[in-house]
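Chain letters run A, B, ... following the sequence lines, proteins first, then strands; residues in each count from 1.
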Amino acid sequence: MHALKVTRAEDFPEWYQAIVREADLAELSPTRGCMIIKPWGYGIWERIQGELDRRIKASGHDNYYFPLLIPMSFIAKEAEHVDGFAKEMAVVTHHRLKAVDGVLKPDPEAELAEPFIIRPTSETIIGDAFSRWIKSYRDLPLKLNQWANVMRWEMRTRMFLRTAEFLWQEGHTAHVDRADAMDETMLALEIYRSFAEDYLAMPVMVGEKPENERFPGADCTYSIEAMMQDGKALQAGTSHYLGTHFAEAQNIRYQDKEGGLALAHTTSWGVSTRLIGGVIMTHGDDDGLRTPPAIAPRQVVIVPMLRGKPEDAEVSAYCQELAKELSALSAFGAEVRAFVDTKDMKGAEKRWDWVRRGAPIICEIGPRDAANGQVSFIKRIALREGEKVKTHMLERGAFIGAVASMLEETQTALFQEAKMRLDANIRDDITTFADLERYYGTDDEGGEFKGWARASWSRPTGAALDKVGEQLKSLKLTIRNAPLIQPASHAPCIFTGAPGVEQILIARAY
RNA sequence: CGGGGUGUAGCUCAGCCUGGUAGAGCAUUAGCUUUGGGAGCUAAGGGUCGCGAGUUCGAAUCCCGCCGCCCCGACCA
């Protein structure tokens, strides 16, 4: 009997929906494709924001804020960029409503001369500012970041993974030349890799996207890719070197040391609330989420087991005192987040609510614990022994002394578990397209776990690459990226048999 | 936008084929019992059966149209 009604093995998409709802992460709003993010989900996002913001600032970036609405003409400036985003844009055309026959409608008299689009990303409006701010080589590099909401009118949405509105961070930088901009692109990518692995306990493969998967308007795109528990890949972060495309389109020029006029080289990079979807599908189990302690809004939850009897007062006081002592500890370089759940409901139900949310340590304190100075607790990472919930017990001082290391060990163990899954499920033995067909082409609906393939290719371009894309699409596969770490020599290309030039990761993707 | 499924109480669903007073479990509220851990009994509240038009004496049920949601595609962080 698990805490969720559906198990991962029975129906992974249903399980995902169940965990989002049951762990109090988010729910669908009346606004099409948009989420209401609830406290446990938003609390995780706040932890993500806090730590990532610290790392972004520490690496020399400042925060700015640009408008939600972008003049429509701006988006038209970079041709590839328009093609990439035009189909999914929300447009603001009026500035007033009017009741016509009792029905509110945009007032025809109030149509805007130039419509606005709701930002799907901010390259164009930030580029416009860059063109005014950047005059001299002394103004470079310009490294900024913004935390914002963006909107893309997606045809099909999935909670956290693809919603019409989502929250993200977008870095935008300008540099004197390609080398400096590439250093920045790789710096952002490394921030994402280390953040995903250290803070989200989510191991990733870092690499360059093939030409057909690039961001619209980019010279090259890099990504971090994580493996979900159904074997699919999730693009968890991207970093783009934009070359001089946006600089040309928006006239971002500077006077160099020699007095000549040069185009700036720009970058952009972002991660979004999608990371939370990645955390769910990396660490969730059939009892709910197992929130990595570093990002858990509450790390130690204390549930008083009250009975409506006189000794309740002592139990409550004991719990409060325990929380106070735990809050004085530190883990992951910050105060331990301890919480006493005083809500007036049955203790057993509160326990299961916290199990589903994935609080790392859940203490259940009854009269006997209070009287004997001990702590009964469960560890969310290893909730059960067989079918039964495993309860641990420690003397109070011993428990307090062990909490910080338990949290840190939990973080490490979650990472190790996910890392082993990733490493064990990347196949290196696929050397021809026929191998790929054999592995991915059969028994699609059985729900059998299929991981990724690492194979050599000759990096075709243009029409040849399109053909490769079609071949892969027939197996519902995509090229995720070409890992940065490459072997010294390469086997023949699995698509063409030509000499291989690099290894790529092939997978089904979200 | 294509293919499939589905819309009935806060949630999960039955009832629909074969038209005849709106159902269950969970949740909520109240009372009693229980108390080392997802309790039991009793009672109560809660629904224009997705929306609109039609057939009929009578529609949750049959017919037509529309809409939402879920899954699989196309598109994408």
Side-chain angles (χ1 to χ4, degrees), chain A residues 1-6 11-14 16-18 21-22 27-33 83-89 120-121 148-170 192 209 212-216 221 223-226 233-240 268-278 287-288 303-309 311-312 315 345-356 362-372 374 376-378 383 388-389 391 393 444-445 447 470 473-474 476 478 508-510:
Chain A
M1 174 67 182
H2 290 283
L4 296 180
K5 283 173 194 144
V6 197
D11 189 338
F12 198 82
E14 275 294 321
Y16 180 78
Q17 301 246 116
R21 188 177 56 244
E22 303 281 322
E27 63 184 41
L28 273 177
S29 75
T31 310
R32 181 196 169 278
D83 285 352
F85 286 106
K87 281 173 285 186
E88 50 186 45
M89 258 173 323
T121 178
N149 56 341
V150 291
M151 176 161 275
R152 298 179 188 179
W153 209 260
E154 300 288 351
M155 291 178 192
R156 198 173 131 218
T157 58
R158 300 194 68 182
M159 302 273 259
F160 289 111
L161 300 174
R162 185 175 302 109
T163 46
E165 180 190 19
F166 57 95
L167 307 182
W168 77 347
Q169 147 287 309
E170 50 182 323
Y192 292 157
K209 287 280 188 190
N212 59 340
E213 301 271 346
R214 268 179 209 148
F215 175 76
T221 288
S223 71
I224 55 171
E225 303 279 335
L234 182 75
Q235 180 174 309
T238 51
S239 183
H240 316 289
S268 70
W269 29 276
V271 298
S272 71
T273 34
R274 170 180 269 195
L275 286 175
I276 298 173
D287 290 304
V303 178
M305 305 304 284
L306 304 178
R307 317 235 180 281
K309 294 202 170 158
E311 61 265 32
D312 281 2
V315 172
M345 57 191 277
K346 282 175 211 152
E349 289 182 31
K350 286 195 273 193
R351 171 225 269 204
W352 286 103
D353 283 347
W354 290 111
V355 165
R356 282 184 282 265
I362 302 165
C363 301
E364 299 178 298
I365 305 295
R368 202 178 303 162
D369 296 302
N372 298 346
Q374 65 198 26
S376 300
F377 62 98
I378 52 182
L383 181 66
K388 289 175 70 177
V389 170
T391 303
M393 197 196 290
D444 271 3
E445 311 310 319
E470 288 301 315
K473 193 187 272 183
S474 69
K476 299 180 193 166
T478 53
R508 293 194 171 140
Y510 276 97

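Mapping A:P367 and A:Y510 onto RNA chain B by nearest heavy atom places A:P367 closer to the 5' end of the strand.
B:G47 sits 27 Å from B:C41 when the C1' atoms are compared, rounded to a whole Å. Rounded to whole Å, the C1' atom of B:C63 lies 7 Å from the corresponding atom of B:G54. Atom C1' of B:U42 sits at a distance of 46 Å from the matching atom of B:G4, rounded to the whole Å. Here the separation of B:C62 from B:G15, taken at their C1' atoms, is 16 Å to the nearest Å. Nucleotides B:C71 and B:C13 are separated by 14 Å at their P atoms, to the nearest Å. A distance of about 43 Å separates the C1' atoms of B:C66 and B:A43, rounded to the whole Å. Between B:U28 and B:G65, the distance separating the two P atoms is 43 Å to the nearest Å. For the C1' atoms, the distance linking B:G23 with B:C70 amounts to 25 Å, nearest Å.
Rounded to a whole Å, the CD atom of A:E14 is 14 Å from the C1' atom of B:C72. As rounded to whole Å, 18 Å separates atom P of B:A77 from atom CH2 of A:W153. Rounded to whole Å, atom C1' of B:C76 lies 12 Å from atom NZ of A:K473. In this structure, A:M345 atom CE and B:U29 atom C1' are separated by 16 Å, rounded to whole Å. To the nearest angstrom, P of B:C11 lies 10 Å from CZ of A:R21. Here the P atom of nucleotide B:C72 and the NZ atom of A:K476 are 9 Å apart, to the nearest Å. Here the C1' atom of nucleotide B:G37 and the NZ atom of A:K388 are 12 Å apart, to the nearest Å.
Contacts of A:E88 classified as side chain to side chain contact (heavy atoms under 4.5 Å, CB included), with partners at least two apart in sequence or in another chain: A:F85, A:R152, A:W153, A:E154. Taking the side chain to side chain contact (heavy atoms under 4.5 Å, CB included) definition, one finds that A:V315 meets it with A:P304, A:L306, A:C319, A:I365, A:P367, A:A370, sequence neighbours left out.
Here A:R158 does not reach the OP1 or OP2 of B:C70: none of its side-chain N or O atoms lies under 4.0 Å away.
Relative orientation of the A:Y192 and A:W269 rings is perpendicular, given thresholds of 30° and 60° on the angle between their planes.
At least one side-chain heavy atom of A:R274 sits less than 4.5 Å from a side-chain heavy atom of A:R162.
In this structure, B:G45 forms no base pair with any nucleotide, since neither Watson-Crick nor G-U wobble geometry is met with both distances under 3.5 Å.
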